[in-house]
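The analysis underlying the following values was restricted to heavy atoms, covering all of them including side chains, and did not include hydrogens, waters or symmetry mates. Just so you know, these numbers come straight off a predicted model, no measurement behind them. In the text below, chain A, chain B and the rest are named by the order of the sequence lines, each starting its count at 1.
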Amino acid sequence: SQQGEEDPQALSIQEGENATMNCSYKTSINNLQWYRQNSGRGLVHLILIRSNEREKHSGRLRVTLDTSKKSSSLLITASRAADTASYFCVTETQGGSEKLVFGKGMKLTVNP
Amino acid sequence: DAGVIQSPRHEVTEMGQEVTLRCKPISGHNSLFWYRQTMMRGLELLIYFNNNVPIDDSGMPEDRFSAKMPNASFSTLKIQPSEPRDSAVYFCASSFRGGVGYTFGSGTRLTVV
């Protein structure tokens, strides 16, 4: 496992706007995962994209993966106040263990 | 399934006391992880088990911390003796290798005074 590095570290937008969060990593991966954490709660798994996939959708979420650039992005469309949370990306490395090491995350604030 | 269940939700204890945190993973998951989260250090992996066997405990801060998984449906994290710097939210998570991500519990907020 390796930490992803989320960028930006904080983002503030208005309700209805789209939010894009980026993630970079360093080594070859099996998959990349995005998690959300609402204040005071546990992390919630949002989406997993495998190394042979380039794009994946789940509801208002769209994740892309560019293994040549070692980067991923998470797009939340038509954001809502309830999307206010911290978002983490984390990777499962090739040949590595299944443990996930989380970085600092990215704080998204959606203003009503 | 009720998800990953942690108890207690909140624990306040005095320095020097023993603290035991409990976790029930999702049935069928074969890996279990203990994390600690603080503002200063973020989310730290303490230890993880696979098929009830500890695989990596390199994140356990010191000998005061110990974890057990006597069977597939139960794990404990014990701190003895506790210190104020152990104050944090402790999360348990479980997963199935080859599955889709971890499932986290709601956490135990520990305050050591």
Side-chain angles (χ1 to χ4, degrees), chain A residues 1-7 9-10 21 23 25 29-53 56-59 61 63 65 72 74 85-108, chain B residues 1-7 9-10 21 23-26 29-51 53-60 67 88-111:
Chain A
S1 169
Q2 62 185 306
Q3 289 182 10
E5 295 201 10
E6 297 88 357
D7 172 60
Q9 295 211 331
M21 289 161 271
C23 172
Y25 57 92
I29 62 172
N30 289 330
N31 63 65
L32 183 144
Q33 304 176 35
W34 286 91
Y35 288 79
R36 181 189 74 224
Q37 184 178 31
N38 291 91
S39 180
R41 314 287 282 275
L43 278 74
V44 174
H45 180 262
L46 294 177
I47 198 163
L48 179 152
I49 186 164
R50 302 191 191 281
S51 60
N52 61 353
E53 298 175 308
K56 206 160 181 180
H57 297 255
S58 177
L61 305 181
V63 169
L65 178 65
S72 173
L74 171 67
S86 291
Y87 291 81
F88 298 83
C89 76
V90 61
T91 60
E92 187 177 301
T93 53
Q94 279 186 4
S97 74
E98 63 180 309
K99 71 178 185 182
L100 298 180
V101 178
F102 289 84
K104 295 186 188 309
M106 197 217 77
K107 175 66 178 170
L108 173 67
Chain B
D1 201 322
V4 175
I5 299 173
Q6 291 187 246
S7 63
R9 288 297 307 275
H10 302 273
L21 312 181
C23 176
K24 178 177 165 46
I26 288 178
H29 281 189
N30 58 358
S31 293
L32 182 139
F33 308 82
W34 282 101
Y35 286 86
R36 175 173 72 176
Q37 187 175 38
T38 61
M39 288 290 290
M40 290 292 291
R41 302 167 75 100
L43 199 62
E44 301 172 277
L45 176 65
L46 301 177
I47 185 172
Y48 89 93
F49 296 84
N50 182 258
N51 293 325
V53 175
I55 301 299
D56 185 342
D57 65 356
S58 58
M60 295 285 262
V89 181
Y90 290 80
F91 289 103
C92 174
S94 70
S95 73
F96 180 77
R97 182 72 163 174
V100 187
Y102 288 12
T103 302
F104 278 78
S106 298
T108 294
R109 182 173 295 276
L110 174 66
T111 303

Trainee: Under a 4.5 Å heavy-atom cutoff, which of A:Val44, A:Ile47, A:Leu48, A:Leu43 has the most pairs with chain B?
Mentor: A:Leu43

Trainee: Where on B:Gln37 is there a heavy atom nearer than 4.5 Å to chain A: the side chain, the backbone, both, or neither?
Mentor: side chain

Trainee: Given a strict heavy-atom distance threshold of 4.5 Å, which part of B:Leu43 is in contact with chain A: side chain, backbone, both, or neither?
Mentor: both

Trainee: If you count the non-hydrogen atoms of other residues, nucleotides and ligands that lie under 6.0 Å from CD in A:Gln9, is the total more than 12?
Mentor: no

Trainee: Donor-acceptor check, side chain of A:Glu6 to backbone of A:Cys89, threshold 3.5 angstrom: yes or no?
Mentor: yes

Trainee: Holding to ring-ring contact (aromatic ring centres under 6.0 Å, His included), I want the full list of residues that pass it with B:Phe33, two or more places apart in sequence or in another chain.
Mentor: B:Tyr48, B:Tyr102

Trainee: Check each atom of B:Ser95 against the heavy atoms of chain A and say whether the ones under 4.5 Å are side chain, backbone, both or neither.
Mentor: side chain

Trainee: So, does A:Gln37 use its side chain to make a donor-acceptor pair with the main chain of A:Ser86 at under 3.5 Å?
Mentor: no

Trainee: Any side-chain heavy atom of B:Pro54 sitting closer than 4.5 Å to one from B:Ile47?
Mentor: yes

Trainee: Under a 4.5 Å heavy-atom cutoff, which of B:Cys92, B:Ser31, B:Gly107 has the most pairs with chain A?
Mentor: B:Ser31

